[in-house]
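Presented below is the structure to which this report refers.
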Amino acid sequence: MPLIEVYEWQHSAACTGLDSSVFFSPSAERGAAKHLREQGAKAVCARCPVVHECREHALSVREPYGVWGGLTVEEREQLQRVPKAG
Ligand code: SF4
């Protein structure tokens, strides 16, 4: 989702102008409703030309909420738990 602080890649974001409720969950959201909303957000991300930049940003700053770069909060946490090889 676009931030107030502008990053160059956000000018090309597929989510520009969309309601943020597509990407961020209401506090009481659970189960099927959460899954459906996340799938909708991921569908937008899947056609986004800056999905890689968005994902890298979200991982680097450990965004705690919302779908970013096609990844949910849980998916980002999972990736950040995987130890780096080497
Ligand atoms: S990857 Fe998804 S959240 Fe990120 S800018 Fe694109 S549409 Fe928005």
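Counting starts at 1 for both ligands and their atoms, in listed order. This chain uses plain numbering: 1 for the first residue, then up along the sequence.
- Between K34 and E38 a salt bridge is recorded (basic side-chain N to carboxylate O distance below 4.0 Å).
- Look at C45 and atom 6 (Fe) of ligand 1: no N/O/S atom of the residue is under 2.8 Å from the metal.
- Under the 4.5 angstrom side-chain criterion for Ile, Leu, Val, Met, Phe, Trp and Tyr, the cluster partners of L59 are L71, L79.
- The residues R76 and E63 are annotated as not salt-bridged, no charged nitrogen and carboxylate oxygen being separated by less than 4.0 angstrom.
- Sorted by first then second residue, the salt bridge (charged side-chain N to carboxylate O under 4.0 Å, His left out) pairs that include residues 44-58, not counting sequence neighbours, number zero.
- Taking a cut-off of under 4.0 Å to the non-hydrogen atoms of C54, the atoms of ligand 1 that pass are 1 (S), 3 (S), 4 (Fe), 5 (S).
- Counting the atoms of ligand 1 from 1 in the order shown, those under 4.0 Å from a heavy atom of A13 are 5 (S).
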